[in-house]
Student: 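Quick one: this structure, given as structure tokens, is what I'll be asking you about.
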Amino acid sequence: METKYIFITGGVASSLGKGIISASLGKLLQARGFKITIQKFDPYINIDPGTLNPYEHGECYVTADGQETDLDLGHYERFTGIQTTRDNSVTTGRIYLSVIERERRGDYLGKTIQVVPHITDEIKRRIRLNATKEHFDFVITEIGGTIGDIESQPFLEAIRQLRWELGHNALNIHLTYVPYLAAAGELKTKPTQTSVKQLQGLGIQPEVLVLRTEHTLSDELRAKVAHFCNVDVNAVIQSQDLPSIYEVPANMQRQGLDTICLKKMDIEAEGVADLGAWHDFLERRNKATKVLNIGLVGKYDLQDAYKSIIESLAHAGTYNDYKVHTHFINSEHIKANNVGELLSPMAGIVICPGFGSRGIEGKILAAQYARTHNMPAFGICLGMQMMVIEFARNVLGYSDANSSEIDVKTPHNVIDIMEEQKSITQKGGTMRLGAYACRLREDSHVFQAYGGKSLIMERHRHRYEFNNRFRDEYESAGMHCVGINPTSKLVEIVELPSHPWYIGTQFHPEYSSTVLQPHPLFMDFIKHCINGATEA
Ligand code: GLN
């Protein structure tokens with residue numbers, strides 16, 4: 001089968017859940033046995049979101065091959081279980097960079113470089129790039145931003161051209177919003193009509209419309225939208241607010257999103273895709289009524305900043321038959337006199353990743369509290385580094401222990417900059433990124449948690465590391481280095497064998513937890529939080 005291209009654009013407002021719709025459609029096509037990939041094209045100028053503050057764009061997700069990407073790639077992986085690559089995340093910055101590099105090399109000698117055709121050609125090349133490396137039945141491309149943004153224009157022009165070149169091998173889905181005016185008691189379709197008109201003005205006729213709504217849309221209303229927008233009425237799908245994003249694929253399936261897309265691309269669509277294990281997950285999730293309170297100790301008071309961690313906790317909760325309620329605990333507000341009050345209602349805490357000094361003393365206090373109160377604690381990246389610093393200060397007796405990220409002069413730099421990072425001057429894309437191997441000590445807790453595997457692969461995003469100069473001191477004082485990179489000897493995991501569950505990982509396990517394959521460390525952490533909570 002020739003590769004088919006599905007483009008998903010958004011109109012009216014941002015944050016309508018284009019990423020979830022893309023991931024859900026991917027899931028449904030995958031469940032029908034098609035080979036798919038989902039990619040995100042972001043119109044902003046940054047080369048990648050690696051240098052963006054989470055307040056700007058939420059969490060920075062990292063692919064196994066080491067690309068810092070938009071958090072939507074996390075949804076794609078969690079929904080489909082298929083790993084994305086560096087070619088699945090493209091920004092305007094990346095497009096321009098390659099065109100400008102080619103211009104400097106002299107590839108276009110004599111020519112004026114223009115948005116059309118040079119930038120649009122590069123966008124088209126990138127859209128098709130994944131399918132030149134391996135065969136895909138479907139390449140789903142989500143375009144970031146909202147129709148009407150200045151930055152989106154070249155992407156939409158590229159899609160228009162591709163649509164023309166690919167004919168029935170391409171399809172446009174447009175996601176819009178239908179607001180409810182409480183005073184009038186009415187749902188309003190005008191913004192949708194305007195958004196589709198805007199697309200049509202750019203030469204793009206969407207074949208399928210997905211309408212985000214907080215209220216059920218009547219058949220008349222869907223017919224009205226169909227009529228005004230040149231779309232079949234059965235291709236006007238509603239995406240009503242649901243209790244969880246994981247309900248979306250089944251909702252899209254009930255309304256036939258996958259069947260309509262297949263039909264529009266002249267593909268036989270027999271029966272219904274078998275969502276099998278996905279339904280089991282949903283059922284288990286809905287049946288789990290007991291609540292487990294987990295504290296997220298971090299500095300970003302924003303859900304999206306810790307998206308993958310929150311989702312990983314939720315997956316592990318479901319498979320342990322609990323509903324995980326995550327409570328954000330701002331580390332900037334944690335002080336010695338309130339740490340007990342803030343943390344004690346929790347069954348366990350996650351000490352979150354991060355950069356820079358803001359809020360780190362609070363993370364250290366949280367680590368100390370969890371360590372001395374037998375509270376399950378999971379330190380991730382910076383969180384692990386804070387566990388290591390806390391141990392140095394309060395157990396090894398080095399009151400000035402720190403990370404050289406925070407204090408360059410301390411003689412007890414128990415966390416230090418990695419050797420290969422010392423000469424790096426550019427900030428973008430230069431951290432230790434992507435999946436690296438880690439060997440687990442066989443007498444460790446984590447070895448059990450990983451089901452007796454001795455070699456694991458996990459994704460990284462950091463510049464600083466555990467300082468091996470202090471390793472023997474840690475080992476003899478009771479903090480064990482139980483995960484080591486076999487080639488670089490970097491410490492990847494620390495644990496306290498004397499504690500019910502006190503584990504810190506230099507890597508980010510949250511990037512690889514999926515709906516059908518919850519991460520073993522999150523599973524084990526939640527299990528111990530439940531045990532602790534029920535014993536107490
Ligand atoms: N700032 C720390 C480092 O660079 C930790 C990074 C993180 O938590 N992702 O090593």
Side-chain angles (χ1 to χ4, degrees), residues 48-64 66-69 71 74 296-300 302 304-310 312 331-332 349-364 366-367 377-390 392 401-408 410 413-436 438 458-468 470 481 483 485 488 490-494 503-513 519 521:
D48 59 47
T51 54
L52 286 176
N53 183 318
Y55 285 123
E56 298 278 320
H57 229 74
E59 161 192 284
C60 175
Y61 188 75
V62 180
T63 58
Q67 177 68 39
E68 295 173 289
T69 76
L71 57 73
L296 276 191
V297 179
K299 67 174 169 179
Y300 298 109
L302 170 86
D304 273 0
Y306 306 112
K307 192 87 204 156
S308 295
I309 294 178
I310 295 172
S312 304
S331 56
E332 279 191 283
I349 56 164
V350 175
I351 310 178
C352 294
F355 295 85
S357 58
R358 187 163 66 86
I360 66 140
E361 291 301 327
K363 285 185 175 173
I364 294 173
F378 195 169
I380 300 179
C381 208
L382 185 74
M384 171 266 200
Q385 298 176 352
M386 295 304 117
M387 284 175 154
V388 168
I389 294 170
E390 189 279 321
N402 219 325
S403 160
S404 47
E405 179 179 5
I406 317 293
D407 177 357
V408 272
T410 178
N413 51 344
V414 291
I415 302 294
D416 196 14
I417 186 136
M418 281 181 274
E419 200 46 49
E420 64 271 27
Q421 288 285 331
K422 287 185 178 155
S423 55
I424 290 176
T425 50
Q426 285 215 45
K427 287 261 189 288
T430 54
M431 278 187 261
R432 179 175 184 236
L433 291 167
Y436 285 89
C438 168
E458 292 284 3
R459 303 182 201 181
H460 293 252
R461 181 175 185 243
H462 61 113
R463 281 185 215 286
Y464 296 82
E465 57 160 325
F466 180 98
N467 188 342
N468 269 321
F470 297 94
C481 302
N485 178 292
S488 64
L490 291 180
V491 173
E492 312 284 31
I493 311 175
V494 295
I503 293 172
T505 63
Q506 185 58 78
F507 52 78
H508 291 264
E510 73 274 23
Y511 292 145
S512 45
S513 181
H519 193 282
L521 278 185

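Just so you know, ligand 1 is whichever comes first in the structure, and atom 1 is the first atom listed for that ligand. Treat the numbers as computed from the prediction; the structure is a model and nothing was measured. For the single chain, residues carry numbers from 1 onward in sequence order.
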Student: Does a side chain donor of either Arg459 or His508 reach within less than 3.5 Å of an acceptor in the other side chain?
Tutor: no
Student: For Ser357, what residues pass the side-chain contact (heavy atoms from CB on, under 4.5 Å) criterion, not counting sequence neighbours?
Tutor: Ile406
Student: Does any N or O in the side chain of Arg461 come within less than 3.5 Å of the main-chain N or O of Gly50, such that one atom is a donor and the other an acceptor?
Tutor: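 Checked: pair present.
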Student: Could you list the residues that satisfy side chain to side chain donor-acceptor pair (under 3.5 Å) with Asn485, not counting sequence neighbours?
Tutor: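 By the side chain to side chain donor-acceptor pair (under 3.5 Å) rule, Asn485 matches Thr487, Ser488.
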Student: Strictly under 4.0 angstrom, heavy-atom based: which residues surround ligand 1?
Tutor: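 Around ligand 1, where the cutoff is 4.0 Å for heavy atoms, the contacting residues are Pro353, Gly354, Phe355, Cys381, Leu382, Gln385, Glu405, Arg461, His462, Arg463, Tyr464, His508.
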Student: Surrounding NZ of Lys427 (heavy atoms of other residues, nucleotides or ligands, distance under 6.0 Å), is the total greater than 12?
Tutor: no
Student: Output all residues satisfying side-chain contact (heavy atoms from CB on, under 4.5 Å) with Tyr300, sequence neighbours left out; order by chain, then residue number.
Tutor: Asn53, Pro54, Tyr55, Ala305, Tyr306, Arg358
